[in-house]
Novice: 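Supplied in structure tokens, the structure appears directly below.
Remember, it's a predicted structure, so these values are computed and weren't measured experimentally.
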Amino acid sequence: YFRGNVDNPEELAGGFPKSREELYQYRALILGSVEAAAFTPDQLRMIGEVVNRRGGGLLALGGRRAFDEGEYAGTPVAEVLPVVLGDRNAGAVKGEEEQFSQLAVEPTREGLLHSALQIAATERDSAARWKDLPPLSSVNPIWRAKPGATVLLTGEGSGGRTQIVLAYQRYG
């Protein structure tokens, strides 16, 4: 959680904030590989409200207990994400469920222009450097972005299927 200034190291010792007053002190939230069941229904609503009503930031990281595998589909958190949850096998070949794959990651055109993905001095050098990076391990594939979202990074797995690796949107 990011508030700007954390007043003391014990501030979050009690875990995730349980009230709106506590949670609304933060300007941004980061959800790692944690399943939706780790939160109460009210906490899930509060996370959605931080983004939707208060204009806070949300960074959702993938992992085995995130996104579809974390059962976020249909929750208030899924509503504010830039990607579509609930179609975990939409990009898989019929009868094949893709759990783990190695992805050759590549920025989209928008990604090459985004400052967060500039990994060299020029756009051209940055694009070349992305091609030289090793594959990324992926679990919990994401296949579709929501209307209005911008996909910055994609990854091509086995069979040439492309997954979303990084997307963002302005929301709320």
Novice: Check the side chains of Gln118 and Ser115 for a donor-acceptor pair under 3.5 angstrom, ignoring hydrogens and angles.
Specialist: no
Novice: Is the shortest side-chain heavy-atom distance between Ile119 and Arg129 below 4.5 Å?
Specialist: yes
Novice: Show, in sequence, the C-alpha distance, side-chain angles and deciding distance for Leu153 and Leu117, and conclude whether the side-chain contact (heavy atoms from CB on, under 4.5 Å) test is met.
Specialist: CA-CA 9 Å; Leu153 279 176; Leu117 301 184; 3.9 Å; yes
Novice: With hydrophobic residues grouped by side-chain heavy-atom distances under 4.5 Å, do Val77 and Val34 end up in a single group?
Specialist: yes
Novice: Search all heavy atoms of Leu152 against all heavy atoms of Tyr168 and return the closest pair with its distance.
Specialist: CD1-CD2, 3.7 Å
Novice: For Val80, does its backbone N or O pair with a side-chain atom of Gln169 as donor and acceptor, under 3.5 Å?
Specialist: yes
Novice: Ala149 and Pro82: which non-hydrogen atoms are nearest, and at how many Å?
Specialist: CB-O, 3.3 Å
Novice: Taking the side chain as every heavy atom from C-beta outward, state whether Leu58 and Leu31 have any pair of such atoms under 4.5 Å apart.
Specialist: yes
Novice: Between atom CD of Glu35 and atom CZ of Arg64, what is the distance when rounded to the nearest 0.5 Å?
Specialist: 13.5 Å
Novice: When you compare the side chain of Leu81 with that of Phe67, does any pair of heavy atoms fall below 4.5 Å?
Specialist: yes
Novice: Tell me, with the steps shown, if Phe39 and Thr75 meet side-chain contact (heavy atoms from CB on, under 4.5 Å).
Specialist: CA-CA 11 Å; Phe39 301 102; Thr75 70; over 6 Å; no
Novice: Going by salt bridge (charged side-chain N to carboxylate O under 4.0 Å, His left out), name the residues that satisfy it together with Arg53, two or more places apart in sequence or in a different chain.
Specialist: Glu49
Novice: How close do Ala78 and Leu85 get, heavy atom to heavy atom, and via which atoms?
Specialist: CB-CD1, 3.8 Å
Novice: Taking the side chain as every heavy atom from C-beta outward, state whether Thr162 and Trp143 have any atom pair closer than 4.5 Å.
Specialist: no
Novice: Mind running side-chain contact (heavy atoms from CB on, under 4.5 Å) on Leu103 and Thr154 for me, showing each step along the way?
Specialist: CA-CA 8 Å; Leu103 303 177; Thr154 60; over 6 Å; no
Novice: Have Ser138 and Gln163 got a donor and an acceptor in their side chains that come within less than 3.5 Å?
Specialist: yes
Novice: For the residue pair Lys146 and Glu79, what are the closest heavy atoms and their distance?
Specialist: NZ-O, 2.9 Å
Novice: Output the distance between atom NE2 (His114) and atom OG1 (Thr150), rounded to the nearest 0.5 Å.
Specialist: 8.0 Å
Novice: Taking the side chain from Asn140 and the backbone from Ala66, do they hold a donor-acceptor pair closer than 3.5 Å?
Specialist: yes
Novice: Is there a side-chain contact between Val139 and Glu69, using heavy atoms and a 4.5 Å cut-off?
Specialist: no
Novice: To the nearest 0.5 Å, tell me how far Gln25 CD sits from Arg54 CZ.
Specialist: 10.0 Å
Novice: Going through the checks in order, is the side-chain contact (heavy atoms from CB on, under 4.5 Å) test met by Arg161 and Glu156?
Specialist: CA-CA 6 Å; Arg161 294 181 303 250; Glu156 188 173 308; over 6 Å; no
Novice: Do Ser137 and Gln102 have side-chain atoms, one donor and one acceptor, less than 3.5 Å apart?
Specialist: yes
Novice: According to a 4.5 Å side-chain heavy-atom criterion applied to Ile, Leu, Val, Met, Phe, Trp and Tyr, with indirect links allowed, do Tyr171 and Leu29 form part of one hydrophobic cluster?
Specialist: yes
Novice: Closest approach of Ser33 and Gly62, non-hydrogen atoms and distance?
Specialist: CB-O, 4.2 Å
Novice: With heavy-atom distances below 4.5 Å as the criterion, would you say the side chains of Ile164 and Leu166 are in contact?
Specialist: no
Novice: If Ile, Leu, Val, Met, Phe, Trp and Tyr residues are connected whenever their side-chain heavy atoms lie under 4.5 Å apart, and connections chain through other members, are Val51 and Tyr26 in the same group?
Specialist: yes
Novice: Is any side-chain heavy atom of Leu113 closer than 4.5 Å to a side-chain heavy atom of Glu123?
Specialist: yes
Novice: With sequence neighbours excluded, what pairs up with Arg45 under the salt bridge (charged side-chain N to carboxylate O under 4.0 Å, His left out) test?
Specialist: Asp42
Novice: Kindly say whether Ala120 contributes a backbone atom to a donor-acceptor pair with the side chain of Asp125 at under 3.5 angstrom?
Specialist: no
Novice: Is any side-chain heavy atom of Tyr24 less than 4.5 Å from a side-chain heavy atom of Pro17?
Specialist: no
